Amino acid sequence: MRLTLAFILAPTLAMATPYDGIYRQNANAECALVGVDGGSLKIEDGVFYGVDMECRMARPVQVVNMDATLYDMNCVGEDDVWTERAMVMNDGEVENGIIMIWDGYAFRYSRCDPVPAPEPVDYEAAPEEDAEADEADADAETAEDADADSESDGNSDDE
C-alpha cells in the first residue's frame with residue numbers, strides 16, 4: 001500500500017487542465033473553504049481536491065465530438081487509495097460550470113467567482129495615518145473642552 005501511495009503522490013509534471021478553477025458543491029457553498037463539507041472543490045494543475053480527498057487526474061483522453069475529457073483519477077483520502085475513471089465536461093447550461101461524471105454518478109458544479117486580491121498594506125504609512133487620526137481626535141477634544149468652558153462661563157453669569 002505504501003508503494004501505491006508513493007506512486008500516486010510522487011511528483012509528476014503538473015499541467016493545468018481546461019477545467020482548473022474552484023467550484024461550488026451546492027448553491028450555498030462557501031468558496032473560500034476548499035475540500036470540506038459545505039465548501040468548494042478545486043481543480044488545479046491536474047489535481048482534483050474534493051471533500052477529504054484528492055485525485056491526480058492522469059491520462060487525459062478527449063471524448064470524440066464532445067467538449068469533455070476522460071481521466072484516470074488516482075485518489076487518496078481518509079487512509080484509502082483508489083483509482084477510478086471520471087469524465088469532466090463544460091456545462092452547456094451554466095456559464096463556466098462543469099459536469100463531472102463518475103461511474104454511476106453525475107455532479108454539476110458552478111464556478112466560484114474569482115476572489116479579488118487584498119489591497120497591499122503600506123506599513124510605513126500606517127503610523128502616519130494613526131498619528132493624523134490622533135491629532136484629529138485631540139483637536140475634537142480641544143473643541144469640546146472649549147465649548148464646555150464657554151457653557152460654564154455662561155452659567156456663572158446667570159448666578
Side-chain angles (χ1 to χ4, degrees), residues 1-138 140-141:
M1 178 166 155
R2 287 184 185 207
L3 181 59
T4 305
L5 182 60
F7 174 72
I8 290 173
L9 296 178
T12 60
L13 183 59
M15 295 187 300
T17 73
Y19 311 105
D20 279 12
I22 298 175
Y23 299 90
R24 299 180 193 299
Q25 289 182 46
N26 57 51
N28 299 322
E30 178 61 45
C31 289
L33 300 174
V34 174
V36 298
D37 283 326
S40 59
L41 309 170
K42 178 167 73 170
I43 299 174
E44 181 178 59
D45 295 331
V47 179
F48 170 74
Y49 299 93
V51 177
D52 297 327
M53 54 87 83
E54 65 182 61
C55 300
R56 189 159 308 281
M57 302 167 74
R59 299 178 41 177
V61 176
Q62 294 300 312
V63 179
V64 178
N65 294 328
M66 295 178 70
D67 187 12
T69 309
L70 186 62
Y71 294 95
D72 286 347
M73 305 293 277
N74 300 313
C75 305
V76 294
E78 296 186 3
D79 299 325
D80 200 9
V81 177
W82 69 97
T83 299
E84 289 191 39
R85 302 277 291 188
M87 184 168 61
V88 183
M89 61 178 25
N90 289 314
D91 190 329
E93 294 182 12
V94 177
E95 185 176 348
N96 296 319
I98 61 170
I99 297 172
M100 183 173 254
I101 303 166
W102 300 77
D103 187 19
Y105 300 95
F107 301 94
R108 173 177 271 161
Y109 302 118
S110 61
R111 186 183 294 267
C112 292
D113 294 329
V115 178
E119 292 292 323
V121 176
D122 186 358
Y123 291 104
E124 292 177 9
E128 291 176 16
E129 291 172 4
D130 289 343
E132 289 174 10
D134 289 343
E135 281 182 32
D137 289 344
E141 287 176 11

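Along the sequence shown, the residues carry numbers beginning at 1. Source: prediction; values computed, not measured. Heavy atoms only: backbone and side chains are in, while hydrogens, waters and symmetry mates are out.
- Atom CE of Met89 sits about 10.5 Å away from atom CG of Leu70, to the nearest 0.5 Å.
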**OP:** Take Met100 and Tyr71, measure what side chain to side chain contact (heavy atoms under 4.5 Å, CB included) needs, and give me the verdict at the end.
**Re:** CA-CA 11 Å; Met100 183 173 254; Tyr71 294 95; over 6 Å; no
Which side-chain N or O atoms in residues 103-110 pair as donor and acceptor under 3.5 Å with protein atoms at least two apart or in another chain?
from   : atom 1 : to    : atom 2 : distance (Å)
Arg108 : NE     : Asp91 : OD2    : 2.5
Arg108 : NH2    : Asp91 : OD1    : 3.4

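- To the nearest 0.5 Å, the span separating CZ on Phe48 from CE on Met73 amounts to 6.0 Å.
- The OG1 atom of Thr83 sits 10.5 Å away from atom CZ of Arg59, with the distance rounded to the nearest 0.5 Å.
- Under the 3.5 Å distance criterion, the side-chain polar atoms of Gln25 are matched with a main-chain donor or acceptor of Val36.
- Remark: the backbone N or O of Gly46 is not paired with any side-chain donor or acceptor of Thr17 at under 3.5 angstrom.
- With Ser40 contributing its side chain and Arg24 its backbone, the two residues share no donor-acceptor pair below 3.5 Å.
- Atom CD1 of Ile22 and atom NZ of Lys42 lie 6.0 Å apart (nearest 0.5 Å).
- Among Val47, Val76, Asp45, the single residue meeting the side chain to side chain contact (heavy atoms under 4.5 Å, CB included) criterion with Arg56 is Val47.
- Cys112 contributes atom SG, which lies 11.5 Å from atom CG of Asn96 (distance to the nearest 0.5 angstrom).
- The side-chain heavy atoms of Trp102 and Glu84, taken from C-beta on, include a pair separated by under 4.5 Å.
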Original post:
Given the rule in the side chain to side chain contact (heavy atoms under 4.5 Å, CB included) test, do Ile98 and Tyr23 qualify, once you have shown the distances and angles that lead to the verdict?
Top reply: CA-CA 8 Å; Ile98 61 170; Tyr23 299 90; 3.6 Å; yes
Donor-acceptor pairs under 3.5 Å, side chain of residues 61-68 to any protein atom, not counting sequence neighbours: which ones?
from  : atom 1 : to    : atom 2 : distance (Å)
Gln62 : NE2    : Thr69 : OG1    : 3.2
Asp67 : OD1    : Asn90 : ND2    : 3.4
Asp67 : OD2    : Asn90 : ND2    : 2.7

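- What you find for Asp20 and Arg111 is that their closest heavy atoms are O-NH1, 2.9 Å.
- Considering CG of Asn74 and CE of Met57, their distance stands at 11.0 Å, rounded to 0.5 Å.
- Between Val88 and Tyr19 the shortest heavy-atom distance is O-OH, 3.1 Å.
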